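What follows is a short report on a single structure.
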Amino acid sequence: MDKENDMDNNGKPNIPERFLKPYDPATTEDRVYEMWEKSGYFNPDKLPERNGKGGPFSMVLPPPNVTGQLHLGSALMLAIEDIMARYARMKGKKTLWIPGTDHAAIATQAVVEKEIQKKEGKSRHDLGRDELLRRIDAHVKTTHDVIVSQIRKLGCSIDWSREAFTLDDKRNLAVRTAFKRMYDDGLIYRGFRVVNWDPKGQTTISDDEIEYETRKAKLYTFKYGKDAKTGELIPIAISTTRPETKLGDTAIAVNPDDARYKPFISREFDAVFAGEPIHLKIVADPSVEPGFGTGALGVTPAHSMIDWEMAQRHGLPLKQVIGEYARMTAGFDEHSAPAPAFVVKGKKVAEAREAVVAWLKAEGLLEKEEEIEHNIALAQRTGGVIEPLPKLQWFVAVNKEFDHNGQKTTLKKLMKEAVSSGAVKIIPERFEKVYFNWIDNLRDWCISRQIWYGHRIPVWYREGEAPENIFIGIDAPEGDGWMQDDDTLDTWFSSGLWTFSTLGWPDEKEFKANKEYHPTTMLETGWDILFFWVARMILMSEYLLGEAPFKTVYLHGLVRDTKNRKISKSLGNNIDPLDMIVKYGADAVRMSLVVGVGPGNDSKIDEAKIKAYKLFANKLWNIGRFVFENTGDGEDLRSAIFDLRPKSSMDSEFTKKDKEYADRLDELMAEITGEMDEYKFYIVAEKLYHYAWHELADVILEESKGIFRDGSEIEKKSRRRLLLYIFDKLLRALHPFMPYITEEIYRALTSGQKMLMVEEWVA
RNA sequence: GCGCGCUUAGCUCAGUUGGUAGAGCAUUCCCUUGACGUGGGAAGGGUCGUAGGUUCAAGUCCUACAGCGCGCACCA
């Protein structure tokens with residue numbers, strides 16, 4: 001233990017002198033953190049012997065995105081997790097908490113691209129792949145360092161010797177290994193399908209990366225026009241909010257039982273729609289609702305997921321009329337359009353929509369125009385309007401049966417069973433329902449992204465699409481002429497491996513050495529990434545290791561601003577936890593985030609609350625001073641108490657009243673220990689606050705003043721014991737919540753002999 | 001459409017397995033140089049969303065409804 005900082009220039013312990021001044025978190029916290037870190041106790045392998053007897057406790061830090069700095073939500077996460085880690089450590093568990101950061105592929109690239117565009121007016125294509133990646137790496141290095149320092153400032157007792165990054169070499173090997181294995185099992189495939197295309201980010205995204213926004217839109221009802229051969233008006237009208245996509249229609253679908261349309265089923269028509277020749281077949285499909293619109297649906301297989309699926313059922317052709325920049329690739333151009341207002345080709349979809357409507361009106365085909373509300377799909381990261389496009393992409397098959405440890409199963413089933421069997425417990429429980437609901441609606445997971453930052457897909461091609469010209473492997477194939485796939489993987493593919501890629505997997509030797517930590521004991525994270533991350537970790541771990549990634553999931557809520565808005569950069573309502581720490585101290589920030597906020601519940605930031613806990617820190621400090629000053633002549637007594645002398649051996653030395661106080665504290669300790677085991681930190685913190693202030697300080701300390709002034713020797717002796725007995729336990733109990741100040745006081749009272757972080761939790 | 005959450009003091013929220021309401025902040029009054037960059041004491045303020053039900057007893061369990069928020073699906 002480093003003594004130097006605890007001594008003044010004359011080599012005397014200066015703790016008492018510090019104790020004479022008000023508590024100053026700024027000069028205390030960094031020094032205490034350094035002491036902890038130097039002790040090596042953040043690493044479970046280096047813990048004192050006592051602290052390993054309770055079995056392992058392991059937890060990964062949900063790696064923060066390297067897009068920017070942390071916000072108060074991250075601070076809440078770090079506070080809860082550090083409480084868990086410190087409690088486990090004090091309970092004698094071999095405690096491992098692994099730090100790391102997430103490359104957050106799309107998000108990070110978007111941030112850096114935006115910055116370059118703003119400052120230099122250049123696009124990623126101007127820079128090229130290598131240069132852009134260099135720029136991103138530089139950005140990531142900076143943000144990483146900021147994030148790490150924030151984690152330290154909050155006092156997190158995390159094992160820095162095992163820090164990982166989702167995009168480092170070890171994690172890359174894990175990713176390639178997982179990909180290869182899934183491919184070999186037929187669970188990863190390449191398919192030509194309609195995917196969610198983000199024209200703004202120029203990449204595909206998964207279903208989960210879409211956000212919906214309700215907007216007003218016009219629903220147009222019209223007929224396609226006259227049949228080119230017979231001149232007959234195509235008899236069925238359809239309704240749509242996107243007339244411009246109808247240039248890509250290849251069928252009209254009606255309900256098979258709809259009497260109005262039965263006679264037309266199987267007929268085929270040819271027409272020219274807004275300058276684009278189309279061929280339509282009338283098909284019957286039970287998914288069409290007779291009651292909606294005209295009861296008939298124009299089928300656009302290339303630009304709608306639902307229509308694509310319908311086209312698969314009926315063997316309909318696919319016709320793409322919109323390109324990657326969300327511009328029309330078909331229809332009237334400047335030359336063929338009868339009027340300039342009808343030009344469609346080359347226009348953005350929104351403008352093309354107006355052109356098509358203008359044309360419909362001119363042709364007398366438009367029957368109805370009504371305003372409706374509907375959801376439009378936006379890319380979560382870029383805000384771009386999603387354009388469903390047919391593309392050749394890589395997918396994880398969630399419904400495909402495969403052989404898993406001798407049993408037929410699917411990935412969906414594996415995900416479901418991990419929770420339904422109780423192997424994974426979710427707190428609060430209600431999220432289990434949400435989880436199942438998500439799984440029931442799950443479709444194949446599109447994992448390829450057309451961005452440059454991320455894990456490159458471990459697939460190589462030679463000219464031609466023949467199977468012998470495609471190579472899937474952990475390492476590049478030998479021989480000339482192989483080109484690696486340009487695409488990268490969805491960032492959640494690598495984070496899905498996090499609980500075991502951080503423990504050495506796929507290196508068998510290393511992973512075996514860490515086997516006691518997996519499945520991890522606890523996964524603490526925000527409920528907003530239940531699907532993105534928690535579900536994907538369960539998928540990967542169950543598939544690759546045949547076991548759950550963690551036993552318990554504790555979901556915390558979102559921290560919102562005072563107007564109940566989500567904290568986000570675009571709103572500019574982010575509060576830097578560091579500012580709050582400077583102002584009020586890390587302990588106060590932690591307490592204010594934790595008290596009264598149960599799992600799964602969102603909370604609001606409130607500076608007044610942080611301030612209140614700074615006052616509490618000050619109160620605690622002054623209780624410490626009082627105890628110190630009134631027990632100072634009994635160094636031996638102090639060390640005796642702080643060596644955890646059993647209370648039963650002290651009972652006879654307590655007066656009747658003091659024994660009652662001691663018993664009351666024991667009762668409280670038993671109570672809160674039970675609540676700690678149930679993860680009810682929000683209650684424990686409040687109870688300790690209340691006890692320290694309104695029982696210990698307001699009652700016992702006030703009463704002690706009289707005793708130390710006028711009491712008998714027996715009473716004085718008893719009271720000294722009592723104060724030490726209570727305060728010792730209280731400091732231990734408060735330590736997970738307010739680690740800095742409790743450590744500092746504890747060192748003062750034990751003359752720098754003991755480190756509270758590795759002291760025993762006493763129920 | 002399916003599902004979830006919230007509705008408790010002016011504000012922000014607790015309230016473990018049912019036993020006649022709590023905390024912080026805010027407000028008012030009084031006291032205090034004290035271990036306290038203040039602290040202590042006291043006060044005011046709640047038909048616990050509405051209506052039923054179960055029970056000796058319901059903020060707490062059940063049903064219905066309302067308002068707000070959210071997730072998923074649909075979105076022709």
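Not measured: the values here are computed from a predicted model. Proteins come first, then strands; the chains are lettered A, B, ... in the order of their sequence lines, and each starts at number 1.
Distance CZ (A:Phe616) to P (B:A23): 16 Å, rounded to an integer number of Å. We find that NE2 of A:His374 is positioned 19 Å from P of B:G1, with the value rounded to whole Å. Look at CH2 on A:Trp693: it is 11 Å from P on B:G41, rounded to the nearest Å. A straight line from CH2 of A:Trp527 to P of B:G71 spans 6 Å, rounded to a whole angstrom. In this structure, the CG atom of A:Leu701 is 15 Å from the P atom of B:G39, given to the nearest Å. Taking atom CD1 of A:Ile427 as the reference point, atom C1' of B:U16 lies 14 Å away to the nearest angstrom. Here B:G15 presents its C1' atom at 11 Å from CD of A:Glu675, a figure rounded to the nearest Å. Atom pair A:Glu429:CD and B:G5:P shows a separation of 11 Å (rounding to whole Å applied).
Taking the P atom of each, B:C6 and B:C13 are spaced 13 Å apart, rounded to whole Å. For B:G45 and B:U28, the C1' atoms lie 11 Å apart once the distance is rounded to whole Å. The same atom, C1', is picked in B:G41 and in B:G37; the two are 22 Å apart, to the nearest Å. Comparing the P positions of B:G19 and B:A57 gives an interatomic distance of 14 Å, to the nearest angstrom. B:C62 and B:U16 are spaced 14 Å apart, taking the P atom of each and rounding to whole Å. A gap of 33 Å separates the C1' atoms of B:U55 and B:G69, to the nearest Å. For the P atoms, the distance linking B:G15 with B:G53 amounts to 28 Å, nearest Å. Using atom P as the reference point in both B:C2 and B:C11, the two lie 34 Å apart (nearest Å).
Note on A:His694: a side-chain N or O is less than 4.0 Å away from OP1 or OP2 of B:G24. For A:Asn441, no side-chain nitrogen or oxygen approaches OP1 or OP2 of B:C72 to under 4.0 Å. In this structure, A:Tyr435 does not reach the B:G71 phosphate: none of its side-chain N or O atoms is under 4.0 Å from OP1 or OP2.
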### Message
For A:Asp207 and A:Arg443: C-alpha separation, side-chain torsions, deciding distance, then whether salt bridge (charged side-chain N to carboxylate O under 4.0 Å, His left out) applies.
### Response
CA-CA 8 Å; A:Asp207 295 346; A:Arg443 285 187 289 192; 3.6 Å; yes

### Query
What's the verdict on salt bridge (charged side-chain N to carboxylate O under 4.0 Å, His left out) for A:Lys705 and A:Glu702, showing C-alpha distance, side-chain angles and the deciding distance?
CA-CA 5 Å; A:Lys705 289 174 189 172; A:Glu702 289 303 323; 3.1 Å; yes

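Here A:Tyr23 lies in heavy-atom contact (under 4.0 Å) with a base. Among the atoms of the strands shown, only primed sugar atoms or phosphate atoms (P, OP1, OP2) are found under 4.0 Å from some heavy atom of A:Ile306. At a threshold of 4.0 angstrom between heavy atoms, the contacts of A:Ala253 with the nucleic acid are absent. Here A:Thr241 lies in heavy-atom contact (under 4.0 Å) with sugar-phosphate atoms only. Nucleic acid contact class of A:Glu373 (heavy atoms, under 4.0 Å, all strands): none. The residue A:Glu702 sits close to a base: some heavy atom pair falls under 4.0 Å. Counting non-hydrogen atoms under 4.0 angstrom, A:Lys611 reaches nothing in the nucleic acid. If you check every strand for non-hydrogen atoms under 4.0 Å, A:Asp440 touches nothing. Here A:Val288 lies in heavy-atom contact (under 4.0 Å) with a base. If you check every strand for non-hydrogen atoms under 4.0 Å, A:Asp307 touches nothing. Looking at heavy-atom distances under 4.0 Å, A:Lys433 makes contact with sugar-phosphate atoms alone, never a base.
The residue among A:Leu297 and A:Asp24 whose nearest nucleotide of RNA chain B is located toward the 5' end is A:Asp24. Residue A:Tyr682 is the one, among A:Ile238 and A:Tyr682, whose nearest nucleotide of RNA chain B lies closer to the 5' end (criterion: closest heavy atom).
In the set B:C4, B:C72, B:A35, the nucleotide with an atom closest to the side chain of A:Arg430 is B:C4. Side-chain proximity of A:Phe531 to the nucleotides B:C72, B:G37, B:G41 is greatest for B:C72. The side chain of A:Asn375 lies closest to B:A73, out of B:A35, B:A73, B:G15. Here B:A23 is the nucleotide among B:A35, B:A23, B:C72 with the atom lying nearest to any side-chain atom of A:Glu686. Counting only heavy atoms from C-beta on, A:Asn622 has its side chain closest to B:A35 among B:A14, B:A35, B:G41.
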Without placing hydrogens or testing angles, list every side-chain donor-acceptor pair under 3.5 Å for residues 685-692 of chain A, not counting sequence neighbours.
unit_1	atom_1	unit_2	atom_2	d
A:Lys687	NZ	A:Glu671	OE2	2.7
A:Lys687	NZ	A:Glu675	OE1	3.4
A:Lys687	NZ	A:Glu675	OE2	2.8

For residues 424-437 of chain A, tabulate all N or O donor-acceptor pairs below 3.5 Å that involve a side-chain atom, not counting sequence neighbours.
unit_1	atom_1	unit_2	atom_2	d
A:Arg430	NH2	A:Asn601	OD1	3.3
A:Glu432	OE2	A:Ile426	N	3.1
A:Tyr435	OH	A:Met415	O	2.8

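Side chain of A:Arg590 to main chain of A:Phe737: a donor-acceptor pair is present (N/O by atom type, distance under 3.5 Å, no hydrogens or angles).
The side chain to side chain contact (heavy atoms under 4.5 Å, CB included) test applied to A:Pro25 returns A:Tyr23, A:Glu29, A:Lys614, not counting sequence neighbours. A:Arg381 pairs by the side chain to side chain contact (heavy atoms under 4.5 Å, CB included) definition with A:Asn65, A:Ile106, A:Ala107, not counting sequence neighbours.
The aromatic rings of A:Phe681 and A:Tyr554 lie tilted to each other, with the angle between the two planes from 30° to 60°. Using bins of under 30°, 30° to 60° and over 60° for the plane-to-plane angle, the ring pair A:Phe222/A:Tyr224 lands in the perpendicular bin.
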### Summary
Writing each nucleotide of RNA chain B 5' to 3' as (, ), [, ], | or . by Watson-Crick or G-U pairing under 3.5 Å yields (((((((..((((........)))).(((((.......))))).....(((((.......))))))))))))....

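Residues from residues 212-220 of chain A that place a heavy atom under 4.0 Å from any atom of RNA chain B, listed by number: A:Tyr212, A:Leu219.
Judged purely by distance below 3.5 Å, without hydrogens or angles, the side chains of A:Ser206 and A:Glu209 pair a donor atom with an acceptor atom.
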